[in-house]
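All heavy atoms count here, side chains included; hydrogens, waters and symmetry mates do not. Everything quoted here is computed from the prediction, not taken from an experiment.
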Amino acid sequence: MEPILHIGGVDVTRLTQALGTPLMVYDEGALRKRLAEFSACFQSPALSTRVVYAGKAFLCKAMARLVNEMGCSLDTVSGGELFCALEAGFPAEKIVFHGNNKTPAELAAAVDAGVGLVVLDSLPECQALTALAGEKRTAMRVLLRVNPGVEAHTHKYIVTAHLDSKFGIAAGRKEELYAVLDELNQSEFVTFAGFHAHIGSQIFDKAAFAAEIEQLAILAQEAEGKGYPVPVLDLGGGFAARYTDADAPIPIPEVCQTILDACLAQKKARNLSLSEVCIEPGRSIVGEAGTTLYTVGWQKETESKRYLFVDGGMADNIRPALYQAEYDCGAAEHMEAAKTETYTVAGKCCESGDILIEEAKLPPMKTGDLLAVYTTGAYCYSMSSNYNHLGRPAVVFAQDGKARLVLRREEPKDLLACETNEVLFDSFSSKKKNEQQEVVL
């Protein structure tokens with residue numbers, strides 16, 4: 001019998017027989033190992049440090065509980081993510097709440113929950129939060145997101161710190177920046193804690209983090225010279241994951257030490273009040289721990305391609321279509337078979353761009369075989385959709401030969417759960433009624 005793929009010590013064929021496909025399987029041991037490694041490596045005798053898991057990469061109640069169990073904080077970017085974290089019992093004081101357009105309801109939820117840090121994105125948002133905190137007489141701590149002008153070399157859709165980014169305030173826009181700090185300085189309930197920045201995703205050059213820290217330190221030095229202490233720097237995420245053999249992520253101990261050394265050097269050189277440094281790894285924690293399993297359907301040959309169709313696609317992994325993300329794959333039931341064939345792995349959605357892998361090297365595949373696409377743990381489920389009325393896949397955590405279902409598969413009836421025929425108002429009848437009233441008058 002040919003070797004079969006095992007994840008967390010569990011035979012994937014048993015999982016797919018029980019739960020069907022597409023199926024996302026996380027190696028829970030790998031999740032725990034990454035969280036523990038970041039926590040162990042991001043330590044300094046001279047600075048307080050905090051590892052904040054970026055929940056946008058993948059979040060469900062089971063994941064939130066795991067992050068808390070491993071002693072890390074949690075970054076949420078919407079009211080929905082915040083609700084999920086609180087429902088999981090995640091301590092509100094360990095939550096960082098992000099977002100470039102937080103709604104009044106989301107700000108109110110953050111204040112009511114007592115989240116530990118709110119990352120402000122603009123002056124109007126700052127004014128809204130200070131007013132809300134004043135009304136509710138609730139103390140809040142905030143960071144101000146700034147764009148230091150350091151651009152990591154990633155796809156234009158995932159570069160986040162250039163001067164025209166939708167996120168934060170550009171470091172050069174001093175009038176706007178200090179208007180926020182003035183507003184916070186006058187607030188009785190909202191305290192400015194420091195600056196936040198995020199320079200992109202899939203960063204392979206550790207010098208990018210050092211450059212980010214230098215620019216934030218320059219800004220902090222100037223702010224402190226004007227009477228605004230900056231005890232906290234949150235450097236965001238961007239730590240890379242390995243998707244293909246072409247990827248070479250910076251080892252976690254190396255990137256953590258680079259960040260800590262740069263922070264300490266800037267603190268000393270500029271006499272900063274810096275006392276706490278935060279990082280927000282997401283993809284680098286969950287990406288490689290996740291694998292998506294598909295069942296092979298039909299095959300088709302064109303003039304220059306040999307298509308291998310699977311029972312999922314861009315509905316459960318939009319990243320290849322969105323920004324040309326690349327993946328590797330394997331024949332889950334034939335792990336040691338020679339990869340003699342080249343296929344274009346395509347999904348079942350009604351879009352020409354529904355291509356998961358352009359040139360996949362695989363052994364000969366047939367209908368009914370299992371295909372494993374690796375490193376799908378980050379942003380695949382989070383960005384999944386019901387396009388073509390497809391249900392989101394089930395999600396399993398596997399460890400030490402045991403598996404648990406943490407998200408069940410969406411069924412067709414689930415997709416109709418929000419259907420309604422409730423009449424809110426009848427504009428035609430209202431118009432007729434108003435016309436009649438006007439005639440009477």
For Glu212 and His198, test the side chains for any donor-to-acceptor distance below 3.5 angstrom and give the result as yes or no.
no

Here the pair of heavy atoms bringing Ala321 nearest to Gly353 is CB-O, 3.7 Å

Looking at Ala289, is its backbone amide N or carbonyl O close enough to the side chain of Arg34 to form a donor-acceptor pair, meaning the two atoms are under 3.5 Å apart?
no

Between Ala62 and Phe397, the two heavy atoms sitting closest are CB-CE2, 4.1 Å

Say you draw a straight line from SG of Cys126 to CZ of Phe192; how long is it, rounded to the nearest 0.5 Å?
10.0 Å

Is there a donor-acceptor contact under 3.5 Å linking the side chains of Glu222 and Tyr178?
yes

Could you tell me whether the side chain of Val373 reaches within less than 4.5 Å of the side chain of Tyr294, counting heavy atoms only?
yes

Polar side-chain atom of Asn388 near backbone of Cys350 as donor-acceptor pair, under 3.5 Å:
yes

Determine, stepwise, if the pair Leu390 / Cys349 fulfils side-chain contact (heavy atoms from CB on, under 4.5 Å).
CA-CA 9 Å; Leu390 295 174; Cys349 293; 3.8 Å; yes

Sequence neighbours excluded - salt bridge (charged side-chain N to carboxylate O under 4.0 Å, His left out) pairs with any residue from residues 225-234:
none

For a 4.5 angstrom cut-off between non-hydrogen side-chain atoms, does Leu74 reach Val52?
no

Give a yes or no on whether a salt bridge exists between Arg270 and Glu224, defined as a side-chain N under 4.0 angstrom from a carboxylate O.
no

Between Glu351 and Tyr387, is a side-chain hydrogen bond (donor to acceptor under 3.5 Å, both in side chains) present by the stated rule, with each step listed?
CA-CA 10 Å; Glu351 294 288 340; Tyr387 185 53; 2.7 Å; yes

What's the verdict on side-chain contact (heavy atoms from CB on, under 4.5 Å) for Thr344 and Ile357, showing C-alpha distance, side-chain angles and the deciding distance?
CA-CA 6 Å; Thr344 295; Ile357 304 175; over 6 Å; no

Counting distance only, does the side-chain N/O of Glu125 pair as donor-acceptor with the main-chain N or O of Asp121 below 3.5 Å?
yes

Under 3.5 Å, is there a donor on one side chain and an acceptor on the other for Thr191 and Arg141?
no

Which residues share a salt bridge (Lys or Arg N to Asp or Glu O under 4.0 Å) with Asp245, sequence neighbours left out
Arg242

Where the side chain of Asp261 meets the backbone of Thr258, is there a donor-acceptor pair that is under 3.5 Å apart?
no

Which value, rounded to the nearest 0.5 Å, describes the distance between Phe83 atom CZ and Ser78 atom OG?
11.5 Å

Atom CZ in Arg408, atom CG in Leu405: separation rounded to 0.5 Å?
9.5 Å

Val115 side chain near Met140 side chain, heavy-atom distance below 4.5 Å:
yes

If you compare all heavy atoms of Ala240 against all heavy atoms of Pro249, which two are closest, and at what distance to 0.1 Å?
O-CB, 3.7 Å

Tyr379 six-ring centre to Arg283 NZ/CZ under 6.0 Å and within 45° of normal
no

Heavy-atom count check: over 12 atoms from other residues, nucleotides or ligands less than 6.0 Å from Glu175 CD?
no

For Gly377, is there any backbone N or O sitting under 3.5 Å from a side-chain donor or acceptor partner on Tyr26?
yes

Could you tell me whether the side chains of Gln399 and Asp27 share a donor-acceptor contact shorter than 3.5 Å?
no

Under 3.5 Å: donor-acceptor pair, side chain of Glu106, backbone of Thr103:
yes

How far does CD1 of Ile95 sit from CG of Leu117, to the nearest 0.5 angstrom?
11.0 Å

CG of Leu47 to CZ of Phe42: how many Å apart, nearest 0.5 Å?
8.0 Å

Among Lys305, Glu359, Glu358, Lys361, which one satisfies side chain to side chain donor-acceptor pair (under 3.5 Å) with Thr342?
Lys361

Asp354 side chain to Met314 main-chain N or O, any donor-acceptor pair under 3.5 Å?
yes

Closest approach of Ala110 and Phe97, non-hydrogen atoms and distance?
CB-CD2, 3.6 Å

Taking atom CD of Glu326 as the centre, report whether more than 12 heavy atoms of other residues, nucleotides or ligands fall under 6.0 Å from it.
no

Closer than 4.0 angstrom, basic N to acidic O: yes or no for Asp316 and Lys348?
no

Taking the side chain as C-beta and beyond, is there a heavy-atom pair between Leu274 and Val230 under 4.5 Å?
no

For Leu132 and Leu107, work out which heavy atoms get closest and say how close.
CD2-C, 3.6 Å

Would you check, one step at a time, whether the test side-chain contact (heavy atoms from CB on, under 4.5 Å) holds for Arg319 with Gln324?
CA-CA 7 Å; Arg319 296 183 68 252; Gln324 297 78 57; over 6 Å; no

Does Ile199 form a side-chain contact (heavy atoms from CB on, under 4.5 Å) with Ile203? I'd like the steps, not just the answer.
CA-CA 9 Å; Ile199 58 174; Ile203 299 171; 3.6 Å; yes

Shortest non-hydrogen contact between Pro320 and Leu356, atoms and distance:
CG-O, 3.7 Å

Main-chain N/O of Tyr381 paired with Ser384 side-chain donor or acceptor, under 3.5 Å:
yes

Going by distance alone, is a donor N or O of one side chain under 3.5 Å from an acceptor N or O of the other, for Glu183 and Thr130?
yes

Pairwise side-chain contact, Ile285 with Leu35, heavy-atom cut-off 4.5 Å (strictly under)
yes

Are Met70 and Tyr53 side-chain neighbours, meaning at least one heavy-atom pair lies under 4.5 Å?
no

To the nearest 0.5 Å, how far apart are CG in Leu23 and OG1 in Thr16?
7.5 Å

Ser275 and Ser48: side chain donor to acceptor below 3.5 Å:
no

Tell me whether Glu410 contacts the main-chain N or O of Arg392 through its side chain, where contact means a donor paired with an acceptor under 3.5 Å.
yes

Tell me whether Glu176 at atom CD has more than 12 heavy atoms from other residues, nucleotides or ligands lying less than 6.0 Å away.
yes

Does any part of the side chain of Thr376, heavy atoms only, come nearer than 4.5 Å to the side chain of Met24, both counted from C-beta?
yes

If you look only at pairs with a residue in residues 50-74, which of them pass as a salt bridge (charged side-chain N to carboxylate O under 4.0 Å, His left out), with sequence neighbours excluded?
Arg32-Glu69, Arg50-Glu276

Within the 4.5 Å heavy-atom criterion, are Phe239 and Phe204 side-chain neighbours or not?
no

Donor-acceptor under 3.5 Å (Thr138 side chain, Lys136 main chain):
yes

